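These notes are about the structure you will find just below.
Order of listing sets the numbers, starting from 1, for every ligand and every atom in it. In this text the structure is predicted, and so the values were computed from the model without any measurement. Along the sequence shown, residues are numbered consecutively beginning with 1.
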Amino acid sequence: MINAKDCTFLYADWLLTCDEKKFFIKDGAVIFNKNIVDVGTLAELKKKYPEYEYKYCGKNSILMPGLVNSHIHLEFSANKTQLKYGNFMDWLNSVVQKREDLIEKATEKVIDEELNKMLQSGTTTIGAISSHNFDMTSCIKTPINVVYFNEAIGSKADMVDTLFTDFKAKLKNANEHKKDNFIPAIAIHSPYSVHPFLIREVLQIAKEKHLAVSAHFQESKGENEWLNYSKGEFTLFFKNFLNQNKSLTKPLDFLNQFKDIKNLSFTHCVEANKDELETIKNLDASIIHCPNSNRLLSNTILNLEHLENTNLALGTDGLSSNNSLNLFDEIRNAFFMHTEIHPNILAKKLLLSATKGGAKALGLNKGILKKDKDADIISFTLPDTCENEDDLLTAIILHTTKVNQTYIQGKQIEPS
Ligand code: MCF
Ligand code: FE
(Lines give C-alpha, C1' and ligand atoms only; values in the text may rest on other atoms or scores of the structure.)
(Ligands and ions follow the chains in the order given, each with its own letter.)
Protein backbone atom coordinates (compact mmCIF):
# COMPACT_ATOMS: atom_id res chain seq x y z
CA MET A 1 0.00 0.00 0.00
CA ILE A 2 1.11 3.55 -0.63
CA ASN A 3 -0.05 6.72 0.97
CA ALA A 4 -1.47 8.45 -2.11
CA LYS A 5 -1.86 11.74 -0.27
CA ASP A 6 1.94 12.18 -0.18
CA CYS A 7 2.58 10.86 -3.69
CA THR A 8 2.80 12.28 -7.18
CA PHE A 9 1.82 10.06 -10.13
CA LEU A 10 3.30 11.04 -13.51
CA TYR A 11 3.52 9.41 -16.90
CA ALA A 12 5.12 10.30 -20.20
CA ASP A 13 5.58 8.88 -23.71
CA TRP A 14 9.07 7.79 -22.69
CA LEU A 15 10.65 7.34 -19.28
CA LEU A 16 14.44 7.09 -19.04
CA THR A 17 15.56 5.33 -15.88
CA CYS A 18 19.23 6.17 -16.60
CA ASP A 19 20.04 2.76 -15.17
CA GLU A 20 21.84 0.56 -17.69
CA LYS A 21 19.33 -2.22 -17.06
CA LYS A 22 15.94 -1.31 -18.50
CA PHE A 23 17.05 2.18 -19.58
CA PHE A 24 13.95 2.96 -21.70
CA ILE A 25 10.31 2.54 -20.68
CA LYS A 26 7.80 3.40 -23.41
CA ASP A 27 4.64 4.92 -21.92
CA GLY A 28 6.47 4.99 -18.60
CA ALA A 29 5.15 6.11 -15.24
CA VAL A 30 6.68 7.01 -11.90
CA ILE A 31 5.18 7.30 -8.42
CA PHE A 32 7.09 9.26 -5.83
CA ASN A 33 7.09 11.17 -2.59
CA LYS A 34 10.49 12.35 -1.33
CA ASN A 35 11.83 9.12 -2.79
CA ILE A 36 10.76 7.04 -5.71
CA VAL A 37 8.05 4.55 -4.79
CA ASP A 38 7.67 2.69 -8.08
CA VAL A 39 8.59 2.89 -11.77
CA GLY A 40 7.12 0.93 -14.70
CA THR A 41 4.87 1.19 -17.69
CA LEU A 42 1.66 3.12 -17.10
CA ALA A 43 -0.29 -0.11 -17.67
CA GLU A 44 1.76 -1.98 -15.03
CA LEU A 45 1.45 0.74 -12.41
CA LYS A 46 -2.27 1.27 -13.06
CA LYS A 47 -2.76 -2.43 -12.50
CA LYS A 48 -0.81 -2.31 -9.23
CA TYR A 49 -2.30 0.97 -8.00
CA PRO A 50 -5.59 1.37 -9.89
CA GLU A 51 -7.35 3.87 -7.68
CA TYR A 52 -5.08 6.85 -8.30
CA GLU A 53 -4.99 9.64 -10.84
CA TYR A 54 -1.92 9.80 -13.08
CA LYS A 55 -0.86 13.12 -14.62
CA TYR A 56 0.29 13.09 -18.26
CA CYS A 57 3.42 15.14 -19.09
CA GLY A 58 2.14 15.86 -22.62
CA LYS A 59 2.52 14.79 -26.24
CA ASN A 60 6.09 13.63 -27.04
CA SER A 61 7.02 13.89 -23.37
CA ILE A 62 10.07 12.50 -21.60
CA LEU A 63 10.56 11.81 -17.89
CA MET A 64 14.09 11.33 -16.60
CA PRO A 65 16.29 11.98 -13.54
CA GLY A 66 17.27 15.62 -12.92
CA LEU A 67 20.70 16.53 -14.30
CA VAL A 68 23.82 16.59 -12.13
CA ASN A 69 26.37 19.27 -13.01
CA SER A 70 29.27 17.82 -11.04
CA HIS A 71 31.75 20.70 -11.32
CA ILE A 72 31.13 24.46 -11.38
CA HIS A 73 32.67 27.61 -9.90
CA LEU A 74 29.83 30.04 -9.12
CA GLU A 75 32.16 32.73 -7.82
CA PHE A 76 33.33 33.30 -11.39
CA SER A 77 29.77 33.85 -12.69
CA ALA A 78 30.39 37.46 -13.74
CA ASN A 79 32.87 36.63 -16.48
CA LYS A 80 31.76 37.17 -20.05
CA THR A 81 34.63 38.72 -22.02
CA GLN A 82 37.42 39.31 -19.51
CA LEU A 83 39.54 36.17 -19.74
CA LYS A 84 42.00 34.91 -22.33
CA TYR A 85 41.42 31.54 -23.99
CA GLY A 86 43.49 29.08 -26.03
CA ASN A 87 46.34 28.35 -23.65
CA PHE A 88 46.06 27.46 -19.95
CA MET A 89 48.87 29.77 -18.79
CA ASP A 90 47.42 32.72 -20.71
CA TRP A 91 44.06 31.99 -19.06
CA LEU A 92 45.65 31.69 -15.61
CA ASN A 93 47.52 34.98 -15.99
CA SER A 94 44.28 36.67 -17.05
CA VAL A 95 42.52 35.18 -13.99
CA VAL A 96 45.24 36.57 -11.72
CA GLN A 97 44.77 39.97 -13.35
CA LYS A 98 40.96 40.10 -13.38
CA ARG A 99 40.12 37.94 -10.40
CA GLU A 100 39.27 40.65 -7.87
CA ASP A 101 37.10 42.55 -10.29
CA LEU A 102 35.28 39.39 -11.42
CA ILE A 103 34.67 38.18 -7.90
CA GLU A 104 33.34 41.55 -6.84
CA LYS A 105 30.96 41.59 -9.79
CA ALA A 106 29.67 38.08 -8.99
CA THR A 107 27.09 39.40 -6.54
CA GLU A 108 24.45 37.27 -4.83
CA LYS A 109 21.98 38.46 -7.47
CA VAL A 110 24.23 37.38 -10.36
CA ILE A 111 24.78 33.94 -8.80
CA ASP A 112 21.05 33.52 -7.97
CA GLU A 113 20.22 34.23 -11.61
CA GLU A 114 22.67 31.59 -12.82
CA LEU A 115 21.22 29.04 -10.39
CA ASN A 116 17.74 29.87 -11.61
CA LYS A 117 18.78 29.40 -15.23
CA MET A 118 20.25 26.04 -14.28
CA LEU A 119 16.94 25.00 -12.71
CA GLN A 120 15.06 25.98 -15.86
CA SER A 121 17.42 23.84 -17.90
CA GLY A 122 16.91 20.69 -15.81
CA THR A 123 19.82 20.75 -13.36
CA THR A 124 18.73 19.50 -9.95
CA THR A 125 22.17 18.90 -8.39
CA ILE A 126 25.51 20.71 -8.58
CA GLY A 127 29.02 20.13 -7.29
CA ALA A 128 30.03 23.73 -6.51
CA ILE A 129 33.73 24.49 -5.99
CA SER A 130 33.93 27.44 -3.64
CA SER A 131 37.17 29.39 -3.29
CA HIS A 132 35.98 31.96 -0.73
CA ASN A 133 32.42 31.03 0.39
CA PHE A 134 31.16 34.15 -1.44
CA ASP A 135 28.63 31.90 -3.19
CA MET A 136 27.40 30.27 0.03
CA THR A 137 24.23 32.30 0.67
CA SER A 138 23.00 31.53 -2.85
CA CYS A 139 23.90 27.85 -2.46
CA ILE A 140 22.02 27.59 0.84
CA LYS A 141 18.82 29.16 -0.42
CA THR A 142 18.56 27.49 -3.84
CA PRO A 143 16.25 24.47 -4.08
CA ILE A 144 18.99 22.76 -6.15
CA ASN A 145 20.95 20.07 -4.26
CA VAL A 146 24.43 21.44 -3.65
CA VAL A 147 27.53 19.46 -2.75
CA TYR A 148 29.61 22.39 -1.57
CA PHE A 149 33.34 21.83 -2.10
CA ASN A 150 35.39 24.12 0.11
CA GLU A 151 38.63 24.69 -1.77
CA ALA A 152 42.11 24.26 -0.30
CA ILE A 153 44.68 26.17 -2.35
CA GLY A 154 48.21 27.53 -1.85
CA SER A 155 51.68 26.09 -2.28
CA LYS A 156 53.90 28.52 -0.33
CA ALA A 157 55.54 26.77 2.60
CA ASP A 158 55.62 29.83 4.85
CA MET A 159 51.88 30.42 4.31
CA VAL A 160 50.73 26.88 4.90
CA ASP A 161 49.56 27.29 8.52
CA THR A 162 47.52 30.38 7.66
CA LEU A 163 46.05 28.65 4.62
CA PHE A 164 45.04 25.65 6.71
CA THR A 165 43.45 27.87 9.36
CA ASP A 166 41.49 29.73 6.65
CA PHE A 167 40.39 26.47 5.10
CA LYS A 168 39.13 25.13 8.44
CA ALA A 169 37.18 28.35 9.04
CA LYS A 170 35.51 28.06 5.62
CA LEU A 171 34.61 24.41 6.20
CA LYS A 172 33.23 25.19 9.68
CA ASN A 173 31.15 27.99 8.24
CA ALA A 174 29.72 25.66 5.58
CA ASN A 175 29.11 22.89 8.13
CA GLU A 176 26.94 25.19 10.20
CA HIS A 177 24.49 25.31 7.29
CA LYS A 178 24.54 21.62 6.46
CA LYS A 179 21.10 20.29 5.47
CA ASP A 180 19.46 17.78 3.15
CA ASN A 181 20.30 19.73 0.00
CA PHE A 182 23.48 21.52 1.14
CA ILE A 183 26.29 19.07 1.78
CA PRO A 184 29.76 20.39 2.69
CA ALA A 185 32.70 18.70 0.97
CA ILE A 186 36.39 19.34 0.21
CA ALA A 187 38.21 20.43 -2.97
CA ILE A 188 41.98 20.23 -3.30
CA HIS A 189 42.55 22.74 -6.08
CA SER A 190 45.22 20.77 -7.99
CA PRO A 191 48.54 18.91 -7.58
CA TYR A 192 50.53 22.01 -8.59
CA SER A 193 48.79 24.59 -6.41
CA VAL A 194 48.43 22.93 -3.00
CA HIS A 195 51.30 22.30 -0.58
CA PRO A 196 51.75 18.61 0.37
CA PHE A 197 51.25 19.43 4.06
CA LEU A 198 47.93 21.10 3.29
CA ILE A 199 46.86 18.15 1.13
CA ARG A 200 47.67 15.70 3.92
CA GLU A 201 45.85 17.64 6.64
CA VAL A 202 42.80 18.39 4.55
CA LEU A 203 42.46 14.76 3.42
CA GLN A 204 42.71 13.68 7.04
CA ILE A 205 39.63 15.81 7.79
CA ALA A 206 37.83 14.35 4.75
CA LYS A 207 38.50 10.81 6.00
CA GLU A 208 37.44 11.54 9.59
CA LYS A 209 34.25 13.33 8.57
CA HIS A 210 33.44 11.13 5.54
CA LEU A 211 33.36 14.09 3.16
CA ALA A 212 33.37 13.93 -0.63
CA VAL A 213 36.62 15.17 -2.21
CA SER A 214 37.36 16.58 -5.65
CA ALA A 215 40.50 17.91 -7.36
CA HIS A 216 41.47 19.36 -10.74
CA PHE A 217 44.01 16.98 -12.29
CA GLN A 218 46.11 16.91 -15.48
CA GLU A 219 44.26 19.74 -17.15
CA SER A 220 47.01 21.02 -19.48
CA LYS A 221 50.34 20.08 -21.08
CA GLY A 222 51.94 22.80 -18.96
CA GLU A 223 50.69 21.16 -15.75
CA ASN A 224 51.96 17.75 -16.87
CA GLU A 225 55.44 19.09 -17.72
CA TRP A 226 55.69 21.02 -14.47
CA LEU A 227 54.59 18.09 -12.29
CA ASN A 228 56.89 15.56 -13.96
CA TYR A 229 59.95 17.62 -14.91
CA SER A 230 59.58 21.08 -13.27
CA LYS A 231 59.78 22.45 -16.81
CA GLY A 232 57.59 24.14 -19.42
CA GLU A 233 55.23 27.07 -19.38
CA PHE A 234 54.40 26.85 -15.66
CA THR A 235 58.05 27.64 -14.78
CA LEU A 236 57.81 31.38 -15.18
CA PHE A 237 54.53 31.61 -13.28
CA PHE A 238 55.94 29.72 -10.28
CA LYS A 239 59.18 31.70 -10.34
CA ASN A 240 57.49 35.10 -10.60
CA PHE A 241 54.52 34.67 -8.28
CA LEU A 242 55.68 32.05 -5.80
CA ASN A 243 59.47 32.08 -5.98
CA GLN A 244 59.30 28.33 -6.58
CA ASN A 245 61.48 26.50 -9.12
CA LYS A 246 60.54 22.89 -8.48
CA SER A 247 57.26 21.03 -8.46
CA LEU A 248 56.36 19.75 -4.98
CA THR A 249 54.68 16.55 -6.15
CA LYS A 250 54.57 14.00 -8.97
CA PRO A 251 51.18 13.07 -10.48
CA LEU A 252 51.12 9.48 -9.13
CA ASP A 253 52.29 10.52 -5.66
CA PHE A 254 49.48 13.06 -5.64
CA LEU A 255 46.86 10.47 -6.60
CA ASN A 256 48.12 7.92 -4.10
CA GLN A 257 47.30 10.22 -1.22
CA PHE A 258 43.57 9.82 -1.90
CA LYS A 259 43.26 6.18 -0.78
CA ASP A 260 40.25 5.57 1.50
CA ILE A 261 38.29 8.59 0.28
CA LYS A 262 34.92 7.14 -0.61
CA ASN A 263 33.34 9.79 -2.83
CA LEU A 264 36.25 10.99 -4.90
CA SER A 265 36.49 12.78 -8.25
CA PHE A 266 39.16 14.24 -10.50
CA THR A 267 38.20 16.95 -12.99
CA HIS A 268 39.62 17.24 -16.54
CA CYS A 269 42.33 14.48 -16.67
CA VAL A 270 42.89 15.29 -20.37
CA GLU A 271 46.69 14.84 -19.99
CA ALA A 272 46.55 11.86 -17.62
CA ASN A 273 48.62 8.90 -18.86
CA LYS A 274 47.77 5.20 -18.71
CA ASP A 275 49.21 4.67 -15.21
CA GLU A 276 47.43 7.71 -13.82
CA LEU A 277 44.10 6.62 -15.34
CA GLU A 278 44.65 3.13 -13.94
CA THR A 279 45.34 4.59 -10.48
CA ILE A 280 42.16 6.70 -10.69
CA LYS A 281 40.20 3.59 -11.60
CA ASN A 282 41.71 1.61 -8.71
CA LEU A 283 40.82 4.40 -6.30
CA ASP A 284 37.21 3.93 -7.48
CA ALA A 285 37.26 7.64 -8.27
CA SER A 286 35.18 9.38 -10.92
CA ILE A 287 36.46 11.53 -13.77
CA ILE A 288 34.55 14.74 -14.32
CA HIS A 289 34.60 15.76 -17.95
CA CYS A 290 34.28 19.50 -18.73
CA PRO A 291 34.56 19.58 -22.54
CA ASN A 292 33.81 23.28 -23.14
CA SER A 293 36.37 24.30 -20.55
CA ASN A 294 39.01 22.00 -22.07
CA ARG A 295 38.33 23.45 -25.52
CA LEU A 296 38.74 27.00 -24.23
CA LEU A 297 41.64 26.68 -21.80
CA SER A 298 43.91 24.09 -23.38
CA ASN A 299 42.28 23.15 -26.68
CA THR A 300 42.29 19.48 -25.77
CA ILE A 301 39.64 16.80 -25.36
CA LEU A 302 39.32 13.86 -23.00
CA ASN A 303 39.77 10.50 -24.73
CA LEU A 304 36.62 8.67 -23.64
CA GLU A 305 37.88 5.39 -25.08
CA HIS A 306 40.63 5.23 -22.44
CA LEU A 307 38.17 5.30 -19.55
CA GLU A 308 36.69 1.82 -19.53
CA ASN A 309 35.39 0.92 -16.04
CA THR A 310 35.91 4.41 -14.62
CA ASN A 311 32.81 6.34 -13.64
CA LEU A 312 32.33 9.37 -15.88
CA ALA A 313 30.57 12.53 -14.73
CA LEU A 314 29.98 15.83 -16.54
CA GLY A 315 30.48 19.45 -15.55
CA THR A 316 30.30 22.88 -17.11
CA ASP A 317 33.15 24.28 -14.98
CA GLY A 318 32.55 27.97 -14.20
CA LEU A 319 31.72 30.89 -16.47
CA SER A 320 35.45 31.56 -16.25
CA SER A 321 35.80 28.83 -18.87
CA ASN A 322 32.37 28.56 -20.48
CA ASN A 323 29.56 30.69 -21.89
CA SER A 324 26.75 28.71 -20.24
CA LEU A 325 26.03 26.66 -17.13
CA ASN A 326 23.19 24.85 -18.92
CA LEU A 327 24.15 21.17 -18.77
CA PHE A 328 22.06 20.35 -21.86
CA ASP A 329 24.29 22.83 -23.77
CA GLU A 330 27.37 21.04 -22.44
CA ILE A 331 26.00 17.61 -23.38
CA ARG A 332 25.22 18.87 -26.87
CA ASN A 333 28.70 20.30 -27.34
CA ALA A 334 30.30 17.09 -26.05
CA PHE A 335 28.07 15.16 -28.45
CA PHE A 336 29.46 17.13 -31.41
CA MET A 337 33.07 17.01 -30.16
CA HIS A 338 33.55 13.26 -29.65
CA THR A 339 33.36 12.28 -33.28
CA GLU A 340 35.05 8.91 -32.68
CA ILE A 341 31.90 7.40 -31.12
CA HIS A 342 28.59 6.61 -32.91
CA PRO A 343 26.04 9.33 -32.07
CA ASN A 344 23.48 7.05 -30.39
CA ILE A 345 26.11 5.27 -28.28
CA LEU A 346 27.70 8.58 -27.29
CA ALA A 347 24.27 10.04 -26.48
CA LYS A 348 23.68 7.29 -23.90
CA LYS A 349 27.16 7.67 -22.41
CA LEU A 350 26.70 11.42 -22.02
CA LEU A 351 23.20 11.24 -20.52
CA LEU A 352 24.44 8.60 -18.07
CA SER A 353 27.39 10.80 -17.10
CA ALA A 354 25.01 13.73 -16.50
CA THR A 355 22.74 11.68 -14.20
CA LYS A 356 23.90 8.41 -12.64
CA GLY A 357 27.60 9.20 -13.15
CA GLY A 358 27.31 12.62 -11.51
CA ALA A 359 25.41 11.24 -8.53
CA LYS A 360 28.13 8.63 -7.95
CA ALA A 361 30.88 11.26 -8.24
CA LEU A 362 29.20 13.36 -5.56
CA GLY A 363 28.18 10.41 -3.36
CA LEU A 364 24.41 10.91 -3.64
CA ASN A 365 21.47 8.51 -3.82
CA LYS A 366 20.25 10.09 -7.06
CA GLY A 367 20.59 10.04 -10.82
CA ILE A 368 18.43 6.97 -11.51
CA LEU A 369 14.66 6.55 -11.60
CA LYS A 370 14.41 3.45 -9.44
CA LYS A 371 12.61 2.54 -6.21
CA ASP A 372 14.10 4.26 -3.12
CA LYS A 373 16.29 6.73 -5.04
CA ASP A 374 15.73 10.44 -4.28
CA ALA A 375 12.87 11.79 -6.38
CA ASP A 376 14.80 14.37 -8.45
CA ILE A 377 12.87 14.26 -11.71
CA ILE A 378 12.51 16.42 -14.81
CA SER A 379 10.08 16.34 -17.71
CA PHE A 380 10.16 18.04 -21.08
CA THR A 381 8.77 17.46 -24.58
CA LEU A 382 10.36 16.78 -27.96
CA PRO A 383 9.21 18.81 -31.00
CA ASP A 384 7.81 15.66 -32.70
CA THR A 385 7.29 11.95 -32.06
CA CYS A 386 10.24 9.59 -31.76
CA GLU A 387 9.12 5.99 -32.20
CA ASN A 388 12.42 4.18 -31.90
CA GLU A 389 14.38 4.04 -28.65
CA ASP A 390 17.64 3.73 -30.63
CA ASP A 391 17.21 7.31 -31.87
CA LEU A 392 15.57 8.82 -28.81
CA LEU A 393 18.64 9.94 -26.85
CA THR A 394 20.21 11.67 -29.84
CA ALA A 395 16.89 13.48 -30.43
CA ILE A 396 16.81 14.59 -26.78
CA ILE A 397 20.35 15.96 -26.97
CA LEU A 398 19.70 17.79 -30.23
CA HIS A 399 16.43 19.42 -29.16
CA THR A 400 16.47 20.08 -25.41
CA THR A 401 17.60 23.24 -23.66
CA LYS A 402 14.78 23.76 -21.16
CA VAL A 403 12.47 21.60 -19.11
CA ASN A 404 8.76 21.91 -18.29
CA GLN A 405 8.62 20.36 -14.84
CA THR A 406 11.19 19.86 -12.10
CA TYR A 407 10.85 17.92 -8.85
CA ILE A 408 13.61 17.93 -6.25
CA GLN A 409 13.34 15.40 -3.44
CA GLY A 410 9.69 15.04 -4.45
CA LYS A 411 8.75 18.71 -4.31
CA GLN A 412 7.72 20.52 -7.47
CA ILE A 413 9.94 23.53 -8.09
CA GLU A 414 8.73 26.62 -9.89
CA PRO A 415 11.73 28.61 -11.16
CA SER A 416 11.42 32.16 -9.80
O1 MCF B 1 38.56 24.47 -13.78
C2 MCF B 1 38.96 25.74 -14.18
C3 MCF B 1 40.38 25.66 -14.65
N4 MCF B 1 41.27 25.04 -13.69
C5 MCF B 1 41.46 25.50 -12.42
N6 MCF B 1 40.76 26.32 -11.72
C7 MCF B 1 39.63 26.97 -12.00
C8 MCF B 1 38.78 26.77 -13.09
N9 MCF B 1 37.80 27.66 -13.07
C10 MCF B 1 37.97 28.39 -11.98
N11 MCF B 1 39.05 27.99 -11.30
C12 MCF B 1 39.49 28.64 -10.06
C13 MCF B 1 40.00 27.77 -8.97
O14 MCF B 1 39.01 27.24 -8.18
O15 MCF B 1 40.55 29.48 -10.36
C16 MCF B 1 41.16 29.87 -9.17
C17 MCF B 1 40.93 28.70 -8.20
O18 MCF B 1 40.37 29.19 -7.05
C19 MCF B 1 42.54 30.33 -9.40
S20 MCF B 1 43.78 29.15 -9.67
C21 MCF B 1 43.59 28.60 -11.31
FE1 FE C 1 37.22 23.89 -12.40
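- Taking a cut-off of under 4.0 Å to the non-hydrogen atoms of L92, the atoms of ligand 1 that pass are 20 (S), 21 (C).
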Check against side-chain contact (heavy atoms from CB on, under 4.5 Å), I183 and L364: CA-CA 10 Å; I183 302 164; L364 303 173; 3.6 Å; yes
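- Although no hydrogens or angles enter the test, the distance criterion places no donor-acceptor pair under 3.5 Å between the side chain of Q412 and the main chain of Y407.
- Under 3.5 Å, the side chains of H71 and T267 contain a donor-acceptor pair of N or O atoms.
- The protein non-hydrogen atom at the shortest distance from atom 11 (N) of ligand 1 is H73 CE1, 3.4 Å.
- With K366 as the partner, the side chain to side chain donor-acceptor pair (under 3.5 Å) test is satisfied by one option alone out of T125, D376, T124: D376.
- K55 places no side-chain N or O within 3.5 Å of a backbone atom of F9 that could act as its donor or acceptor partner.
- Donor-acceptor pairing under 3.5 Å is lacking for the side chains of D112 and N116.
- There is a side-chain donor-acceptor pair under 3.5 Å between Y56 and D13.
- Close approach of ligand 1 to S320 is summarised as follows: ligand atoms under 4.0 Å from at least one heavy atom of the residue are 9 (N), 10 (C).
- Here's the thing with D317: one of its N/O atoms is less than 3.5 angstrom from an N/O atom of ligand 1.
- For W91, no nitrogen or oxygen atom sits less than 3.5 Å from a nitrogen or oxygen atom of ligand 1, counting backbone and side chain alike.
- Annotation: S321 places no N or O atom under 3.5 Å from an N or O atom of ligand 1; distance criterion only.
- Shortest contact from atom 15 (O) of ligand 1 to any protein heavy atom: F76 CZ, 3.8 Å.
- Ranking the protein heavy atoms by distance from atom 18 (O) of ligand 1 puts E151 OE1, 2.7 Å first.
- Counting protein heavy atoms only, atom 4 (N) of ligand 1 is closest to E219 OE1, 2.7 Å.
- Side chain of Y54 to backbone of L45: a donor-acceptor contact under 3.5 angstrom is found.
- H289 has its ring centre no less than 6.0 Å from the ring centre of H268.
- Of all atoms in ligand 1, numbered sequentially from 1 with element shown, those under 4.0 Å from a heavy atom of S131 are 14 (O), 18 (O).
- For the Fe ion (ligand 2), the set of protein N/O/S atoms nearer than 2.8 Å consists of H71 NE2, H73 NE2, H216 NE2, D317 OD1, ordered by chain and number.
- For NZ of K178, the number of neighbouring non-hydrogen atoms (other residues, nucleotides, ligands) closer than 6.0 Å is 12 at most.
- For ligand 1 and R99, the ligand atoms under 4.0 Å from any heavy atom of the residue are 16 (C), 18 (O), 19 (C).
- If you check the side chains of N322 and N292, you find a donor sitting under 3.5 Å from an acceptor.
- Protein heavy atom in closest approach to atom 6 (N) of ligand 1: H189 NE2, 3.1 Å.
- Using a 4.5 Å heavy-atom threshold, the side chains of Q244 and L248 count as touching.
- Atoms of ligand 1 lying under 4.0 Å from any heavy atom of L297, numbered from 1 in the order shown and given with element: 3 (C).
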